[in-house]
Amino acid sequence: MCGIVGYTGFQDAYQVVINGLRRLEYRGYDSAGVVLEQPHHFDVAKTKGKVDDLVAISKDFVGRAHVGMGHTRWATHGVPSDNNSHPHLSNNGKIALVHNGIIENYDVLKIMLTEKGFTFKSETDTEVLVNLIQYFMDTHPEMDFPTAVRSALNEVYGAYAITVLHDDFPGVLVVARLGSPLAIGLGNNEYFIASDASPFVEFTKEAVYLEEGHMATISLEKGVDIRNIKDNVKITPQIQELKLSLEQIEKGGYEHFMLKEIFEQPKSILDTLRGRLLVDEGIIKMAGIWDHLERINQAQKITIIACGTSWHAGLIGEYLIEEFARIPVEVEYASEFRYRNPIITEKDIVIAISQSGETADTMAAIKMAKEKGAFIYGICNVVDSSIARITDAGSYTHAGPEIGVASTKAFTAQLTILALIALKLGKHNGHLSNQEFMRLITELDTIPQKVEEVLEGTHQITKEIARKFVDAQNFLYLGRGYNFPAALEGALKLKEISYIHAEGYPAAEMKHGPIALIDENMPIVIIAPKQGHYDKIVSNVQEIKARKGKVIAVVNRGDTQVADMADYVIEFPETSECFSPIVASVPLQLLAYYIAVFRGANVDQPRNLAKSVTVE
Ligand code: G6P
């Protein structure tokens with residue numbers, strides 16, 4: 001949800017900012033802008049479109065400055081347009097600001113500033129903030145730049161990460177965060193600012209992640225001065241060593257990040273299991289959960305909160321935890337949970353699942369559950385993300401950076417963690433016999449290998465099937481039991497990146513509505529592993545074929561019954577039903593990927609979406 005880059009140092013600021021924006025483009029990509037500090041003015045270029053469009057209009061900025069900042073936008077207030085793009089300048093042209101988030105009370109502030117004579121060129125909330133800073137400086141001549149930023153921020157509600165430059169304070173960058181992330185890279189005689197560390201990972205391994213409600217004034221002369229926005233109390237920076245490598249955030253020969261990430265799954269699942277699943281010792285070792293096993297096992301209920309793909313993982317988590325640990329589980333969209341009045345007490349456990357660890361609705365839902373006394377367990381991919389930090393305990397999915405907007409490897413890593421948690425709880429509370437526990441963990445250990453096999457075995461066939469359905473307008477995805485949420489996720493993948501309307505349903509529910517849609521033009525992806533409810537699925541396939549629907553069956557290797565009725569068959573290795581969504585999801589990701597590619601869609605940056613949704 002908008003990417004911010006800032007720089008001060010000895011390098012060409014334009015190059016650092018543009019390269020950084022390219023790395024952050026996953027956060028939003030409907031407009032982009034750059035501003036460079038010049039003696040007594042700013043060079044500004046901004047445009048609707050991608051970073052490439054920005055480069056096309058600003059090539060001659062190369063080599064002009066050592067201080068600058070840039071922005072890649074995901075529109076909230078005002079359509080994507082040149083005027084609404086960031087940076088925004090104050091009316092006197094002296095202050096430039098880039099912003100990620102939403103200023104909720106921008107309308108009242110805009111009225112106030114308009115009454116004072118300010119004018120606005122854009123529809124954005126951001127332009128209000130930059131003029132509010134000018135207003136403080138105009139009306140308080142004694143006020144310096146950082147104080148004016150702080151004063152303005154104390155007047156706004158909402159969420160923000162901002163970087164601000166002032167013409168009269170050359171070489172000074174003021175940054176602040178509330179709700180949206182911001183990292184400061186500490187180089188040797190240079191400083192970087194970015195929404196995540198990826199823009200500066202090749203220049204420094206040391207970073208400070210700005211905390212909620214903090215701001216920093218950064219200059220080569222005075223270093224990094226961090227303060228509390230509310231009361232200006234000085235804060236000692238916590239310097240962290242970055243584990244991120246350049247290789248992890250590059251495409252590595254793949255055409256798209258999404259394809260690379262699909263193919264990384266054997267490794268990402270293995271990394272998620274590493275050190276936790278110790279089959280020889282017959283144990284699951286999870287540092288995050290160990291101290292809290294009793295509390296979790298005695299929970300009245302577990303509520304899983306998440307959004308998007310993470311919510312689908314949560315649904316599978318419900319099946320896993322209820323089956324193996326016999327603790328009641330509810331799964332809620334974080335956005336619904338936070339705005340109703342859910343029954344949550346201190347006897348409850350809330351598991352928050354989030355790849356980015358920044359999703360605004362999930363954050364807000366956690367805060368609400370915390371206030372009601374629940375114990376919050378986080379499952380996040382991004383280390384040290386906001387959600388990882390506000391939860392009471394948690395486990396990281398070690399999937400590595402996920403850059404494609406459509407989540408793939410983070411999803412299967414989330415399923416892996418949820419399986420570990422369910423088995424660990426079940427073993428601990430005695431609902432799972434030692435024998436059954438051993439059988440399941442031995443099986444879980446084979447999943448990375450099975451995912452490797454499914455990638456090799458289905459890559460070509462899914463590509464061929466994808467070609468046949470490039471012009472489809474609708475898709476149905478059906479599954480039962482553990483594979484019902486996998487069907488939801490398969491449908492979500494397809495609609496996110498190909499813009500084909502797709503719906504997921506429990507297979508049996510088909511006859512209560514979706515069956516009306518079935519004719520010879522309707523492709524239906526049906527996930528039908530041998531375990532679980534195979535016979536029932538066979539009947540569902542018959543019902544579909546009786547109405548001439550086109551069946552793409554995702555079945556176990558060697559299947560004949562469903563395969564014989566299907567128009568297209570994708571085979572995956574057999575595994576226990578509870579782990580089958582991990583393996584079966586892989587060909588569904590490939591199918592969505594290739595359909596989107598053949599339709600000419602921008603797979604890594606689908607229209608209107610963003611990877612990290614830091615606004616409500
Ligand atoms: C966005 C992304 C999805 C993701 C969802 C939740 O919509 O495009 O891929 O599943 O946010 O994100 P989170 O980071 O909380 O898992």
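Quantities reported herein were computed from a predicted structural model and do not represent experimental measurements. Counting starts at 1 for both ligands and their atoms, following the listed order.
- Near Ser354, with a cut-off below 4.0 Å to any heavy atom, the atoms of ligand 1 are 13 (P), 14 (O), 15 (O), 16 (O).
- Considering backbone and side-chain atoms alike, Gln355 places an N or O below 3.5 Å from some N or O of ligand 1.
- Within the structure, ligand 1 has Ala610 among the residues with a heavy atom less than 4.0 angstrom away.
- For atom 12 (O) of ligand 1, the closest non-hydrogen atom on the protein side is Thr359 OG1, 3.4 Å.
- Summary of contacts: the protein heavy atom closest to atom 7 (O) of ligand 1 is Val613 CG2, 3.9 Å.
- Residue Thr362 has no N or O atom closer than 3.5 Å to an N or O atom of ligand 1.
- Less than 4.0 angstrom separates some heavy atom of Ser310 from each of these atoms of ligand 1: 10 (O), 13 (P), 16 (O).
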Next on the checklist: Is there a salt bridge (charged side-chain N to carboxylate O under 4.0 Å, His left out) between Arg23 and Glu202? Walk through the geometry before answering.
Outcome noted: CA-CA 12 Å; Arg23 301 235 175 101; Glu202 69 261 53; 2.8 Å; yes

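- Looking only at distances, a side-chain donor or acceptor of Asn381 sits under 3.5 Å from a matching main-chain atom of Ala399.
- Between Ile595 and the choices Leu494, Leu590, Ile497, Val603, the side-chain contact (heavy atoms from CB on, under 4.5 Å) rule is met once, by Leu494.
- Neither the backbone nor the side chain of Ala406 has a heavy atom within less than 4.0 Å of ligand 1.
- The only member of Gln355, Lys493, Gln414 that meets side chain to side chain donor-acceptor pair (under 3.5 Å) when paired with Thr309 is Lys493.
- When ring centroids are compared, His77 and Tyr106 come within the 6.0 Å threshold.
- Cation-pi contact between Arg599 and Tyr499: absent, since separation from the ring centre below 6.0 Å together with deviation from the ring axis within 45° is not met.
- Taking every non-hydrogen atom of Val405 and a distance limit under 4.0 Å, the qualifying atoms of ligand 1 come out as 8 (O), 9 (O).
- Proximity of a side-chain donor or acceptor of Tyr482 to a complementary backbone N or O of Ser580 within less than 3.5 Å is not detected.
- Side-chain atoms of Tyr396 come within 3.5 Å of backbone atoms of Asp384 as a donor-acceptor pair (strictly under, hydrogens ignored).
- Residue contacts with ligand 1: Leu609 is excluded, as none of its non-hydrogen atoms falls under 4.0 Å.
- Counting protein heavy atoms only, atom 5 (C) of ligand 1 is closest to Cys307 O, 4.0 Å.
- For ligand 1, the atoms lying closer than 4.0 Å to a non-hydrogen atom of Thr309 are 10 (O).
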